[in-house]
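In what follows, a single structure is set out as structure tokens and then discussed.
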Protein chains: 2
Amino acid sequence: MTSAERREQIIQAATSVFGDRGYHGTTTDQVAKAAGISQPYVVRMFGTKEALFLEVINAALAMLLVSFREQLAEHRSSGEPAEALVPKLGNAFIDLVKTRGLHRSLMQGFVSGGDPVIGVAARRGFLEVYAFLRDEAGFAPEEVQTFLSYGMLTSVLLCIEMPSLFGRDSDATELACAAFGHKLDLVLETMGPDAASA
Amino acid sequence: MTSAERREQIIQAATSVFGDRGYHGTTTDQVAKAAGISQPYVVRMFGTKEALFLEVINAALAMLLVSFREQLAEHRSSGEPAEALVPKLGNAFIDLVKTRGLHRSLMQGFVSGGDPVIGVAARRGFLEVYAFLRDEAGFAPEEVQTFLSYGMLTSVLLCIEMPSLFGRDSDATELACAAFGHKLDLVLETMGPDAASA
DNA sequence: GTCTATACGAAGATAGAC
DNA sequence: GTCTATCTTCGTATAGAC
């Protein structure tokens with residue numbers, strides 16, 4: 001396998017593991033096992049665990065923006081009313097949840113925002129999304145705020161795996177329905193047959 | 001010092017450290033140093049690091065609910081219109097940010113929601129807040145969702161220390177103003193003279 | 001109630017072979 | 001491009017003294 005392919009593969013594996021266990025909670029050996037290679041090779045490829053984590057959140061952010069830009073382009077060419085864009089972007093976000101660990105890795109990066117190195121990347125990334133929504137998508141600052149708010153609630157609910165209680169706890173069910181709406185099916189599907197069957 | 005006092009003091013120190021570095025990123029020795037005692041004593045008092053972390057997030061949650069209930073009681077006795085409650089609760093939340101690490105520890109617990117033990121506590125805690133807002137404060141499910149959404153955006157922005165860019169980055173300034181509004185002063189103050197002077 | 005000493009097991013990173 | 005072996009450091013937890 002070529003070096004570039006291997007990098008890509010490791011980043012994908014790392015995204016999954018970092019998403020589950022966070023920066024500190026993840027070992028380079030877990031990433032290596034997930035990628036099917038040896039632990040020293042992971043380090044060799046990226047230099048340090050920190051460098052790998054930074055690549056992971058940058059890649060996640062890049063994918064998020066690519067996906068948003070796709071939706072925006074489609075929206076523009078469809079001639080739909082402006083209000084139709086918000087749910088499109090929301091759906092695109094939920095779709096990315098299916099890319100295992102992607103949105104969780106981003107959240108892990110955010111809560112590690114106190115770290116001098118990770119913090120810089122986290123702030124930069126968040127502001128990039130903000131700038132996209134305002135400047136490219138044309139949202140008013142208040143609309144951006146609302147969009148991001150719902151996005152953050154969604155993200156936190158996914159981090160704590162609230163949908164796993166769907167059908168088992170009435171409050172959790174109500175909350176999940178309210179927060180995910182018609183996207184709930186997709187979310188439950190993503191969380192495995194266990195939750196989906198409930 | 002009596003055992004109960006010591007426990008309280010350790011939990012306070014642990015809240016600060018866990019809030020900054022997360023569950024995995026925190027060492028019992030850092031907690032010990034922050035509390036001014038020896039590392040084995042921390043373990044002795046709580047059994048395991050995990051047990052200590054659970055106490056930290058449960059204590060944080062308890063403080064949050066106590067604070068919310070205070071605001072609710074005050075609101076009820078003041079005879080103000082119903083809409084006045086939301087900003088009161090919002091202010092109470094921001095006030096808690098001043099208790100170093102409290103809200104950050106909660107967020108750390110949330111992103112560690114994939115952990116079998118921490119996850120249970122995180123879901124339970126989140127639902128407790130939800131139930132309070134709906135059943136005690138009398139919010140409609142949709143109002144609860146909006147309130148929690150803004151709370152989560154606020155929390156994430158605080159985790160990545162976005163207010164530290166206030167006055168230095170125009171997008172960050174705009175975002176901070178929108179999200180924190182008149183509470184911005186309080187937030188900047190909390191984040192130290194560095195940010196406040198900018 | 002609190003400490004020192006320490007056992008024991010990770011985990012990140014390096015060296016060097018193939 | 002990829003591995004095995006290993007160094008070294010760190011971190012949780014225990015034992016046992018004061």
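Residue numbers start from 1 in every chain, and the chains themselves are labelled A, B, ... in the order their sequence lines are given, proteins ahead of strands.
By the salt bridge (charged side-chain N to carboxylate O under 4.0 Å, His left out) test, Arg44(B) is found to be paired with no residue, residues two or more places apart in sequence or in another chain being considered.
In terms of phosphate contacts, Thr28(B) brings a side-chain nitrogen or oxygen within less than 4.0 Å of OP1 or OP2 of dT12(D). Within the 4.0 Å cut-off from OP1 or OP2 of dT2(C), at least one side-chain nitrogen or oxygen of Tyr41(B) is found. Residue Ser38(A) places none of its side-chain N or O atoms closer than 4.0 Å to OP1 or OP2 of dT2(D).
Atom CE in Met45(B) sits about 11 Å away from atom P in dC3(C), given to the nearest Å. When the P atom of dT4(D) is taken as reference, atom CD1 of Ile37(A) falls 12 Å away, rounded to whole Å. Put simply, CZ on Arg7(B) is 14 Å from C1' on dG1(C), counting in whole angstrom units. For Lys49(A) and dC10(D), the NZ to P distance is 15 Å, given to the nearest whole Å. Rounded to whole Å, the distance from CD on Glu5(A) to C1' on dG1(D) is 12 Å. Whole-Å rounding puts the Lys33(B) NZ to dT12(D) C1' distance at 14 Å. The interatomic distance linking Phe46(A) (CZ) with dG1(D) (P) rounds to 13 Å, in whole Å. Counting to the nearest Å, the C1' atom of dA11(C) and the NE2 atom of His24(B) are 14 Å from each other.
Side-chain N/O atoms of Arg44(B) and base N/O atoms of dT2(C) include a donor-acceptor pair closer than 3.5 Å. Residue side chain Gln39(A) reaches the base of dA13(C) through a donor-acceptor N/O pair under 3.5 Å, judged by distance alone.
Under a 4.0 Å N-O distance rule, the pair Asp169(A)/Arg123(B) does not qualify as a salt bridge. Note on Arg76(A) versus Glu136(A): no salt bridge recorded, every NZ/NE/NH1/NH2 to OD/OE distance being 4.0 Å or above.
Judged by distance alone, the side chain of Ser77(A) and the main-chain N or O of Glu74(A) form a donor-acceptor pair under 3.5 Å.
Residue Met1(A) has its side chain nearest to dT2(D) when only dG1(D), dT2(D), dA13(C) are considered.
Relative orientation of the Phe18(A) and Phe53(A) rings is perpendicular, given thresholds of 30° and 60° on the angle between their planes.
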